[in-house]
Structures are given as C-alpha cells and as structure tokens.
Asks: 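First, the structure itself, so that you have it in front of you.
Excluded from the calculations below are hydrogen atoms, water molecules and symmetry mates; all remaining heavy atoms, backbone and side chain alike, are included.
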Amino acid sequence: MLHILAIAAHPGEIERTCGGTLRKMAAAGYSTGIIDLTDGGMGTHGTPEGNVEQSLEAGRILQVSHRENLQFPDGRLENSMPARMTLAQRIRDLAPRTVILPYWQSAHPDHVQASALAAEACFLAGLPRLDQYTEPCRVEKILYASGMSQATPTFVTDISAEFEGRMDALKVYSAQFTHDLRETLTVRARYFGQMIGVEYGEPFVVKGVVRMDDIVTLAVLDC
C-alpha cells in the first residue's frame with residue numbers, strides 16, 4: 001500500500017518533474033512508488049532494456065518503495081479501455097492515497113495520453129464492481145507535475161535538500177543525461193524555488209480547490 005504513486009509515460013520523466021518531491025516524501029516516512037507506462041524505446045537515446053534497468057536504479061536513489069514498467073507501446077500510447085483497465089488494476093493493487101500525473105498539456109502525444117489515461121484509470125480503480133477479486137481504491141487527490149510546462153503552479157514544493165539526489169537519479173540514464181539537460185533542469189528548479197523563497201522547487205497543479213484549515217501556518221511568499 002502506497003501513500004504516493006507517480007505515473008509517467010517514459011522512464012526518466014518522473015526524475016525530471018517530481019523526483020525531488022518523491023525523495024522528500026520518502027525521507028518523511030511516506031511510502032512512494034512509480035509506474036512508467038512505456039520503456040521509452042522510440043526515444044533518440046538509450047535502449048528499451050537499458051531504460052527499464054536504469055529506471056530501477058534511479059528509483060532506488062529516489063528511495064521509492066515500488067517501481068514498475070507496464071510496457072505499453074512507446075510513441076503509440078493510447079487512452080484505450082484495455083490500457084485503462086490494466087492501469088486501474090495496478091492502482092487497486094498498490095492502493096495509493098495521492099497520485100501524481102503528467103501535466104495534461106504537452107507537445108509530446110504520449111504525455112497527453114498518459115495524463116488522460118491515468119486520470120481515468122484512477123476513477124475506474126475506485127469502482128467497487130470493477131473487479132470482484134480486488135478491493136476498490138479511491139484516490140484521495142491527483143496532482144499534476146507541471147515543471148516542464150508553462151502552467152502557473154497551484155503550489156511549489158521545496159526540494160533544496162533533495163535537488164542533488166534528484167540529479168543523481170537522472171545521471172543513471174547515462175544516454176539521456178547531458179550537460180544541457182542539467183543546466184535546463186537547474187535553471188527551472190531555481191526559478192520555481194524563487195517563487196517560494198527557496199533555492200530549488202518543483203511545481204504542481206491541481207484541478208480542484210486546495211483546502212487550508214490554518215491560514216496562520218500557510219506559507220506564502222510576500223511579493
């Protein structure tokens with residue numbers, strides 16, 4: 001049973017968008033997990049087998065309790081009923097309370113499909129009659145990792161202490177991790193960190209309204 005499950009289209013994307021947050025939550029005692037929907041085999045760098053193997057090592061660096069790859073077709077990811085049912089079953093098995101998905105707007109079709117597919121799978125996972133052999137899982141909240149988009153964040157997490165660990169996880173993908181990528185991710189993490197007055201940050205978007213019971217402890221950067 002997981003507290004937090006992050007889902008992405010390809011290996012390496014969690015590390016780029018919410019890896020620091022997952023590492024931070026694991027250090028705080030929460031159980032975390034990752035599902036990569038494809039092996040990234042259509043990518044310019046790396047091999048399908050290497051991507052999956054490296055993702056497991058990266059997951060250990062991020063201190064996740066679980067990581068798996070569903071081997072859906074890369075570059076041809078579809079929000080189909082069979083795919084939704086497969087993912088919904090895994091969500092029921094892992095029973096996460098919070099799910100992190102890719103931001104729903106992207107130039108890459110796989111990212112768009114992954115976001116919609118996973119959101120619908122979360123809904124299906126909560127239906128009691130979906131499967132008579134497993135318990136339903138009603139996900140409490142869905143967060144969208146928006147670090148590679150132009151979206152205005154709903155909130156930003158402070159990953160200053162976890163940033164180098166996040167980068168170490170990315171280094172495992174030796175064919176993908178270039179100097180330019182490190183520079184890009186560093187600049188973006190600093191940009192989002194500045195929004196909340198810290199060194200590095202990771203942004204998230206939610207589609208609903210965030211509840212706040214204690215406005216005194218609410219951390220808001222005075223602009």
Side-chain angles (χ1 to χ4, degrees), residues 1-9 11 13-37 55-56 58-70 79 83-104 111 114-147 151 153-159 161-162 165-166 169 196 201-215 217-219:
M1 183 175 180
L2 299 177
H3 291 102
I4 306 166
L5 173 64
I7 302 172
E13 288 170 3
I14 293 298
E15 290 80 353
R16 299 185 192 196
T17 58
C18 60
T21 301
L22 287 181
R23 185 178 167 93
K24 182 173 186 172
M25 294 298 97
Y30 293 105
S31 57
T32 60
I34 298 172
I35 293 179
D36 301 304
L37 298 180
S55 73
L56 297 177
R60 284 188 282 270
I61 295 174
L62 296 181
Q63 301 176 6
V64 299
S65 304
H66 177 84
R67 188 164 198 170
E68 66 179 291
N69 194 298
L70 294 188
N79 181 13
R84 289 196 296 272
M85 291 294 290
T86 297
L87 182 55
Q89 186 62 62
R90 296 304 299 135
I91 292 171
R92 287 167 81 96
D93 292 339
L94 297 171
R97 294 169 57 184
T98 298
V99 173
I100 302 175
L101 302 184
Y103 186 65
W104 58 87
H111 299 169
S115 185
L117 161 62
E120 294 183 33
C122 286
F123 175 81
L124 290 175
L127 299 179
R129 296 183 180 179
L130 182 75
D131 175 8
Q132 62 178 319
Y133 302 106
T134 57
E135 292 296 320
C137 168
R138 292 192 179 276
V139 174
E140 294 180 7
K141 65 185 72 70
I142 295 178
L143 313 178
Y144 293 87
S146 58
T154 304
F155 66 89
V156 177
T157 60
D158 177 6
I159 62 159
E162 293 77 29
R166 186 182 92 160
I196 57 171
E202 284 179 341
F204 295 86
V205 172
V206 299
K207 291 185 176 181
V209 177
V210 176
R211 171 178 167 177
M212 174 53 58
D213 293 323
D214 188 341
I215 62 172
T217 61
L218 176 64

Asks: Within this structure, what is the CG-CG distance for the pair L117 and L101, rounded to the nearest 0.5 Å?
Replies: 9.5 Å
Asks: If every non-hydrogen atom of C18 is compared with every non-hydrogen atom of A6, which pair is closest and at what distance?
Replies: SG-CB, 4.2 Å
Asks: Could you check whether R166 pairs with E202 (Lys NZ or Arg NE/NH1/NH2 to Asp/Glu carboxylate O, under 4.0 Å)?
Replies: yes
Asks: To the closest 0.5 Å, what do you measure between OG1 (T98) and NE2 (H3)?
Replies: 9.0 Å
Asks: How far apart are the closest heavy atoms of G165 and I61, and which atoms are they?
Replies: O-CG2, 3.6 Å
Asks: With the side chain counted from C-beta on, respond yes when R67 and D36 share a heavy-atom pair under 4.5 Å apart, and no when they do not.
Replies: yes
Asks: Are E140 and R211 within salt-bridge range, i.e. N to O under 4.0 Å?
Replies: no
Asks: Hey, what's the ring geometry for F204 with F155, parallel, tilted or perpendicular (30° and 60° as the breaks)?
Replies: parallel
Asks: Please indicate whether I215 has more than 12 foreign heavy atoms, meaning atoms of other residues, nucleotides or ligands, lying under 6.0 Å from its CD1.
Replies: no
Asks: Counting only heavy atoms not in R90, do more than 12 sit closer than 6.0 Å to its CZ atom?
Replies: yes
Asks: Calculate, to the nearest 0.5 Å, the distance between atoms CG and CG belonging to N79 and L87 respectively.
Replies: 10.0 Å
Asks: Check whether any side-chain heavy atom of P136 sits under 4.5 Å from a side-chain heavy atom of L130, and report yes or no.
Replies: no
Asks: Can you tell me how far apart CD1 (I34) and CG (L2) are? Round to the nearest 0.5 Å.
Replies: 10.5 Å
Asks: Quick one: CG on L62 to OG1 on T21, what's the gap to the nearest 0.5 Å?
Replies: 10.5 Å
